[in-house]
Asks: 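One structure coming up, written as structure tokens, with questions to follow.
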Amino acid sequence: MTGPPPERHRTRNVSGGTEVTEQLRIGVVGAGYWGPNLARNFRSSPDWDLVAICDLDGERAQRLADQVGGVRVVTDLDELLRSDDIDAIAVATPARTHHGIALAALAAGKHVMVEKPLADTGGRGRAMVETAAASGLVLMADHTYCYTPAVLKIRELIEEGALGDILFIDSVRINLGLIQPDVDVFWDLAPHDLSIIDFILPGGLHPTTVSAHGADPLGAGKACVGYLVLPLANGAIAHVHVNWLSPTKIRQMVIGGTKRTLVWDDLNPQQRLSVYDRGVDLGLQALDGAERKAATVSYRLGDTWSPALPEKEALGSMASEFAASIRESRPPRTDGRAGLRVLSVLEAATRSLGGFGAVTPVEADRVLIGETR
Ligand SMILES: NC(=O)c1ccc[n+]([C@@H]2O[C@H](COP(=O)([O-])OP(=O)(O)OC[C@H]3O[C@@H](n4cnc5c(N)ncnc54)[C@H](O)[C@@H]3O)[C@@H](O)[C@H]2O)c1
């Protein structure tokens with residue numbers, strides 16, 4: 001983004017030193033399953049004035065507008081985008097529509113926050129990122145988990161070296177899920193795991209390859225059970241299991257490090273994070289003074305502790321970050337490029353599925369080449 005933000009987006013000092021910031025005005029597009037969560041959070045955010053709800057289904061839009069205390073209802077996106085009283089839109093429509101809606105909004109001079117996945121192909125995601133950059137507008141991906149207190153804490157612990165070097169990440173996201181009409185289970189659920197890994201690893205997510213195994217045992221026409229394997233830096237590995245067919249719900253990530261191992265159980269609000277001061281040390285020992293060497297294994301057994309976490313709704317923090325990035329004319333924490341890194345892996349996963357799990361190169365999008373965070 002270039003140039004200062006428009007006057008009304010800035011925080012200004014008035015007499016007595018009090019800081020006053022005018023609210024930004026937003027329309028939520030998509031009033032299905034997820035849109036209401038966005039509308040509720042933008043409605044209650046001090047940074048935002050929720051002005052309109054837009055959905056092709058007028059009754060659905062009206063129901064949501066009523067729930068959030070009565071805002072304008074629009075069934076035609078172009079009409080919404082022509083409005084002068086809207087600075088930004090938040091998009092919660094199916095993935096295949098993100099590209100068209102985002103490009104139309106950027107062309108109309110509106111900032112855009114779009115639900116995960118950023119788009120349904122890497123090429124479309126790239127066009128969105130390039131258009132936003134050329135227009136000096138914010139494009140944000142709602143990688144919701146990157147705004148949760150748990151993930152912020154995990155990132156902090158990794159950054160300060162509490163876990164040591166990362167050895168492995170194992171992520172499980174399974175439950176009885178809605179089979180999506182336009183995407184398979186990888187494109188629906190794995191954006192969560194991939195965006196979290198992208199956010200917590202100091203260098204971001206840049207795997208060279210991916211291998212994906214999927215199954216469609218009920219004949220839904222797309223993978224409903226999926227496994228991804230990603231090599232990480234320095235010989236480490238990540239494994240992601242996503243599944244729409246599991247009767248039990250599990251949201252768990254294990255992050256093993258050379259010093260400590262962290263377990264995140266998102267369904268256990270009393271103890272979401274546990275840090276195990278335990279691990280394995282390997283040493284090499286010469287045998288009989290000869291060249292032969294053998295590994296000696298010793299186990300460290302220490303305490304387990306659970307970091308305290310504030311209870312804060314992630315979407316509220318996401319809404320604040322969207323506003324701050326517009327006011328400060330800077331990329332948001334989960335910008336379009338973060339969305340593209342996730343799409344690069346998903347595209348390689350789709351190719352790998354077509355090759356029955358073959359190890360498949362992840363082609364870094366040209367927008368991302370040479371990028372470091
Ligand atoms: N961040 C999260 O945790 C999270 C959770 C669930 C879903 N999502 C994402 O939210 C998005 C929407 O998912 P959903 O489950 O709410 O879908 P949904 O099918 O329940 O709702 C989508 C709504 O969009 C409307 N719509 C479609 N095209 C439109 C258009 N061109 N203009 C206006 N309205 C249009 C539909 O009428 C429908 O009401 C997806 O990208 C999904 O991945 C994110």
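Quick note: numbers below take in every heavy atom, side chains included, and nothing from hydrogens, waters or symmetry partners. First listed ligand is number 1; within each ligand, the first listed atom is number 1. Remember, predicted model here, so these are calculated numbers, not experimental data.
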Asks: Other than V172, what residues sit in its cluster of Ile, Leu, Val, Met, Phe, Trp and Tyr side chains whose heavy atoms are under 4.5 Å apart, directly or through others?
Replies: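 V172 clusters with I174, I250.
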
Asks: Is the shortest side-chain heavy-atom distance between L343 and T121 below 4.5 Å?
Replies: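 Side chain of L343 against side chain of T121, heavy atoms only: no contact under 4.5 Å found.
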
Asks: Which residues, ordered by chain and number, are linked to L176 in its hydrophobic cluster, where ILVMFWY side chains connect at heavy-atom gaps below 4.5 Å, directly or through other members?
Replies: none

Asks: Sorted by first residue and then second, give each salt bridge (charged side-chain N to carboxylate O under 4.0 Å, His left out) pair with at least one member in residues 123-133; sequence neighbours left out.
Replies: D120-R124, R126-D365, E130-R366

Asks: Can you pull every nitrogen or oxygen pair between ligand 1 and the protein closer than 3.5 angstrom?
Replies:
unit_1: ligand 1; atom_1: 1 (N); unit_2: E115; atom_2: OE1; d: 2.9
unit_1: ligand 1; atom_1: 1 (N); unit_2: T144; atom_2: OG1; d: 2.7
unit_1: ligand 1; atom_1: 16 (O); unit_2: Y33; atom_2: N; d: 3.2
unit_1: ligand 1; atom_1: 16 (O); unit_2: W34; atom_2: N; d: 2.8
unit_1: ligand 1; atom_1: 20 (O); unit_2: Y33; atom_2: N; d: 2.9
unit_1: ligand 1; atom_1: 34 (N); unit_2: L56; atom_2: N; d: 3.4
unit_1: ligand 1; atom_1: 37 (O); unit_2: D55; atom_2: OD1; d: 2.6
unit_1: ligand 1; atom_1: 39 (O); unit_2: D55; atom_2: OD1; d: 3.3
unit_1: ligand 1; atom_1: 39 (O); unit_2: D55; atom_2: OD2; d: 2.6
unit_1: ligand 1; atom_1: 39 (O); unit_2: R60; atom_2: NH1; d: 2.6
unit_1: ligand 1; atom_1: 41 (O); unit_2: T93; atom_2: O; d: 3.3
unit_1: ligand 1; atom_1: 41 (O); unit_2: H98; atom_2: NE2; d: 3.2
unit_1: ligand 1; atom_1: 41 (O); unit_2: K116; atom_2: O; d: 2.9
unit_1: ligand 1; atom_1: 43 (O); unit_2: K116; atom_2: O; d: 2.8
unit_1: ligand 1; atom_1: 43 (O); unit_2: K116; atom_2: NZ; d: 3.0

Asks: Give a yes or no on this: more than 12 heavy atoms of other residues, nucleotides or ligands lie within 6.0 Å of atom CG of L267.
Replies: yes

Asks: Can you tell me if D85 has over 12 outside heavy atoms packed within less than 6.0 Å of its CG?
Replies: yes

